[in-house]
Amino acid sequence: MDNALVLNYIRTKYPQLAEKSLQDEIASVGKVITFKSGDIILDIGSYIKSMPLIISGLIKAVREDSEGNEIFLYYLADGETCSMSFTCCLMNKKSEIRTIAEEDTMLISIPSKYMDEWMSKYASWRNWVMKSYELRMKELLKTIDSIAFQKMDERLIAYLQNKAEKLHSKILHTTHQEIAYDLNASREAVSRLLKQLENDHYVVLGRNKIEILTK
DNA sequence: ACATTAATTGTGT
DNA sequence: ACACAATTAATGT
């Protein structure tokens, strides 16, 4: 079994979940699931029956408008979870968002029946769930601020920085079109802004590649 | 190694 | 925003 593996992941990526018995429970009921880059992990309108603890890779959460345009909400990175999953599970509601694997991603899936049980059983679990909500709210507010108050050039920089941070890499493998979808801008606008950033020695551009230069 | 094709990026209006 | 040009990467022969 991959129990030992799960245990190892939990200890390295989720040190907050400190209780030994909790770690053991996660190891025994959690399933390791992998997704390929581009896979839709959870679509809008579908029911969720488990909660993900992300081990590696990157997941993008998006919202969809009536015309089918996607707008970027936030990234879910290693050491994080999806608060939407948590709520949906407990309330047995459909998902309001779509999550897509941005990179090849590995996560531990916890069946919903345990999530609730552990809330009263383990202090570290409860605290961590609360912390996750807080973090998710912060990330959402950041995105709202970006959409509401920032110009496109600032949004682009924030987007690139955020992604680099979540990926633990200064090199992003993406296209101008992809970024444009996320920011719901035109591809040309993104291309031109990126070219500006390159002239300002903020990034180096390549095909399917953006390297962010450290300042 | 070369030619062909598809995808991505650049530019002018 | 659109049309199209240029460039780059991928694929077949």
Side-chain angles (χ1 to χ4, degrees), chain A residues 32-46 52 54-82 84-85 95-107 109 136 138-215:
Chain A
V32 175
I33 303 179
T34 59
F35 294 94
K36 285 273 170 224
S37 174
D39 285 355
I40 292 178
I41 295 173
L42 182 72
D43 210 343
I44 295 162
S46 60
I54 296 140
I55 299 304
S56 66
L58 193 64
I59 296 170
K60 177 168 78 176
V62 301
R63 195 99 167 85
E64 194 181 63
D65 74 4
S66 48
E67 274 118 42
N69 302 310
E70 287 181 354
I71 179 98
F72 170 82
L73 292 177
Y74 48 76
Y75 285 121
L76 295 165
D78 53 336
E80 299 179 4
T81 191
C82 181
M84 181 64 84
S85 298
S95 177
E96 302 277 348
I97 61 176
R98 174 182 298 137
T99 52
I100 305 161
E102 184 84 351
E103 303 283 320
D104 289 355
T105 295
M106 178 170 24
L107 55 83
S109 173
R136 207 46 52 210
K138 270 187 182 166
E139 299 264 318
L140 257 183
L141 288 177
K142 202 162 74 182
T143 302
I144 289 173
D145 284 346
S146 161
I147 295 170
F149 303 132
Q150 293 184 310
K151 296 231 165 51
M152 190 50 78
D153 55 342
E154 296 172 304
R155 291 184 60 196
L156 179 59
I157 290 171
Y159 175 88
L160 295 174
Q161 277 178 343
N162 185 28
K163 183 161 186 183
E165 189 184 320
K166 299 285 178 181
L167 269 176
H168 312 299
S169 166
K170 291 282 178 189
I171 298 172
L172 312 181
H173 297 279
T174 185
T175 66
H176 300 181
Q177 183 65 74
E178 269 300 309
I179 297 170
Y181 282 143
D182 283 348
L183 299 178
N184 74 341
S186 71
R187 199 266 311 157
E188 293 92 323
V190 170
S191 287
R192 286 174 170 135
L193 286 171
L194 282 171
K195 187 52 85 183
Q196 277 298 311
L197 292 178
E198 187 173 44
N199 291 337
D200 296 343
H201 302 287
Y202 185 83
V203 296
V204 176
L205 300 177
R207 188 187 166 100
N208 289 311
K209 179 160 99 67
I210 299 170
E211 183 175 356
I212 299 172
L213 302 175
T214 38
K215 292 236 165 136

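Sequence lines set the chain letters: A, B, ... in the order given, protein chains first and strands last, and positions in each chain run from 1. Just so it is clear, the values below take in all heavy atoms, side chains as well, and ignore hydrogens, waters and symmetry mates.
With T81(A) contributing its side chain and P52(A) its backbone, the two residues share a donor-acceptor pair below 3.5 Å. Within the 3.5 Å criterion, the main-chain N or O of S37(A) finds a donor-acceptor partner in the side chain of D104(A).
For E103(A), there are no side chain to side chain donor-acceptor pair (under 3.5 Å) partners, not counting sequence neighbours. In terms of the side chain to side chain donor-acceptor pair (under 3.5 Å) criterion, residue partners of S109(A) (sequence neighbours excluded) are, by chain and number, S50(A). Legend: residues meeting side chain to side chain donor-acceptor pair (under 3.5 Å) with Q177(A), ordered by chain and number and at least two apart, are absent. Scanning for side-chain contact (heavy atoms from CB on, under 4.5 Å) contacts around S186(A) gives E188(A), A189(A), with sequence neighbours left out. Under the rule for a salt bridge (Lys or Arg N to Asp or Glu O under 4.0 Å), the partners of E178(A) that lie at least two apart in sequence or sit in another chain are K60(A). Scored by the side chain to side chain donor-acceptor pair (under 3.5 Å) test, Q161(A) finds Y202(A) as partners (sequence neighbours excluded).
Near DNA chain C, meaning a heavy atom under 4.0 Å away, the residues from residues 186-198 of chain A are S186(A), E188(A), R192(A). Sorted by residue number, the list of members of residues 169-185 of chain A with any non-hydrogen atom under 4.0 Å from DNA chain C is empty.
The list of ring pair (Phe, Tyr, Trp, His ring centres under 6.0 Å) pairs with a residue in residues 161-198 of chain A, not counting sequence neighbours, is empty.
From the 5' end on, the contacts that DNA chain B makes with chain A at under 4.0 Å to a non-hydrogen atom open and close at dA7(B) to dG12(B).
Looking at heavy atoms from C-beta onward, K163(A) lies in side-chain contact with T174(A) at the 4.5 angstrom threshold.
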Shorter than 3.5 Å, N or O on both sides, protein versus nucleotides 9-12 of chain C: list them out with atom names.
from, atom 1, to, atom 2, distance (Å)
dA9(C), O4', R207(A), NE, 3.2

Exercise answer: donor-acceptor pairs, residues 69-77 of chain A side-chain atoms, under 3.5 Å, sequence neighbours excluded:
from, atom 1, to, atom 2, distance (Å)
N69(A), ND2, D65(A), OD2, 3.2
E70(A), OE2, R98(A), NH1, 2.6
Y75(A), OH, Y159(A), OH, 3.1

